[in-house]
Number of protein chains: 2
Amino acid sequence: MNIEPNLCRVEDALEIIVGKWKPIILLHLLKNGTMRFSDLKRSIPNITQKMLTKNLRELENEDIIERFVYPQVPPKVEYSITEYGKELEPLLHAMHKWGVKHALHKQQYKFI
Amino acid sequence: MNIEPNLCRVEDALEIIVGKWKPIILLHLLKNGTMRFSDLKRSIPNITQKMLTKNLRELENEDIIERFVYPQVPPKVEYSITEYGKELEPLLHAMHKWGVKHALHKQQYKFI
DNA sequence: CCGTATCCATGCCGATACTG
DNA sequence: CAGTATCGGCATGGATACGG
């Protein structure tokens, strides 16, 4: 089974999940279910507010995650994976698995 | 089965196959077997020589592809996927499949 | 034919400060 | 609490020219 290179949609998949933070955000939401903005911020210490907001917006625009705002002061905003977004999980696992295997391969053969 | 977000290797996988050109290069090599530099260049019209060279070197450094130089003038250089590199194929297919599905999903729900 | 070298535009991303 | 606004460094990648 070949993918015709010119009809390749791999790049489209990559655009959604690529970025320094998106996989981590998704994994946190998959693990914990619903999370507040501050929960995510605390779980990913090195991310800035700006980047967290930006990535969340982008994932929301692709219908991967959902945003729910409680109309109250101080604000409370919750994020969760959509049903559709959950279809990404097997892919993330496959990539994770390959990543682990590759780390091992690098050790063994010491190229670079 | 959860991935512990802090132990996530998805990013490692992404680093190897991300980039505007890497998936396309890999798919061409997977489809055609061995290809010369000029074959690849012709198959991917919009890529510059610089970018093609750079991406090929990076894939070679990760042991995903192999480079064979014929000692002759004018030069002849052939690229092919390594045995190890072939293990990436299922992942590329999975990403492609998801990409196709996502394109459809976007059409149907017209978010954005 | 198969590269390198150089220059340059763009945009990602971090740091920081400010707001309802 | 959950953002937005602004500034700026730095890497990515394109165009182009040159070389063995």
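Proteins get letters first, then strands, A, B, ... in listed order; numbering begins at 1 in each.
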task: May I have the distance from B:Asn55 (atom CG) to C:dG3 (atom C1'), rounded to whole angstrom?
output: 15 Å
- prompt: Within the structure, does a side-chain N or O atom of B:Arg57 lie under 4.0 Å from either OP1 or OP2 of C:dG3?
  reply: yes
query: To which residues is B:Tyr70 joined in a hydrophobic cluster, defined by side-chain heavy-atom contacts under 4.5 Å among Ile, Leu, Val, Met, Phe, Trp and Tyr, whether direct or through other members?
result: B:Phe68
query: Near DNA chain D, which residues from residues 27-41 of chain A have a heavy atom under 4.0 Å away?
result: A:Arg36, A:Phe37, A:Ser38
Just list the side-chain donor-acceptor pairs under 3.5 Å for residues 2-17 of chain B, sequence neighbours left out, or say none.
from, atom 1, to, atom 2, distance (Å)
B:Glu4, OE1, A:Lys31, NZ, 3.0
B:Glu4, OE2, A:Lys31, NZ, 3.2

For B:Leu104, the rest of its hydrophobic cluster, which grows through side-chain links under 4.5 angstrom: none
query: Taking the side chain as C-beta and beyond, is there a heavy-atom pair between B:Glu60 and B:Glu66 under 4.5 Å?
result: no
task: Go through residues 43-53 of chain A and report each residue with a non-hydrogen atom lying under 4.0 Å from DNA chain D, sorted by number.
output: A:Gln49, A:Lys50, A:Thr53
field: Check: B:Gly33 main-chain N/O paired with B:Ser80 side-chain donor or acceptor under 3.5 Å
entry: no
field: Distance below 4.0 Å between A:Tyr79 side-chain N/O and D:dG3 OP1 or OP2
entry: yes
- prompt: Taking atom C1' of C:dG3 as reference, at what distance in whole Å does atom NZ of B:Lys76 sit?
  reply: 17 Å
- request: Would you mind reading off the distance between B:Leu14 atom CG and C:dC12 atom C1', rounded to a whole angstrom?
  value: 16 Å
task: Assess whether atom NZ of A:Lys97 is packed by more than 12 heavy atoms of other residues, nucleotides or ligands within 6.0 Å.
output: no
- request: Report the distance from atom CZ of A:Phe68 to atom P of D:dG3, rounded to the nearest whole Å.
  value: 13 Å
task: Provide, to the nearest angstrom, the distance between the CD atom belonging to A:Glu58 and the P atom belonging to C:dC12.
output: 8 Å
statement: note: B:Lys20, atom NZ; D:dG13, atom P; distance rounded to Å ~ 9 Å
message: Tell me whether the side-chain N/O atoms of B:Trp21 come closer than 4.0 Å to OP1 or OP2 in D:dT12.
response: no
task: In whole angstrom, give the distance that lies between atom OH of A:Tyr70 and atom C1' of D:dG3.
output: 18 Å
message: For C:dG3 and B:Arg67 - does any side-chain N or O of the residue sit under 4.0 Å from the phosphate oxygens OP1/OP2?
response: yes
query: With sequence neighbours left out, which residue pairs that include part of residues 17-38 of chain A fulfil the ring-ring contact (aromatic ring centres under 6.0 Å, His included) condition?
result: none
Below 4.0 Å: OP1/OP2 of D:dT12 and any side-chain N or O of B:Lys54: no
- prompt: Which nucleotide, D:dA2, C:dG3, D:dG14, lies nearest any side-chain atom of A:Val77?
  reply: D:dA2
- prompt: Quick one: does B:Thr34's side chain have a donor or acceptor within less than 3.5 Å of a partner on B:Glu78's backbone?
  reply: no
query: Do side-chain atoms of A:Asp39 reach the backbone of A:Arg36 as a donor and acceptor pair under 3.5 angstrom?
result: yes
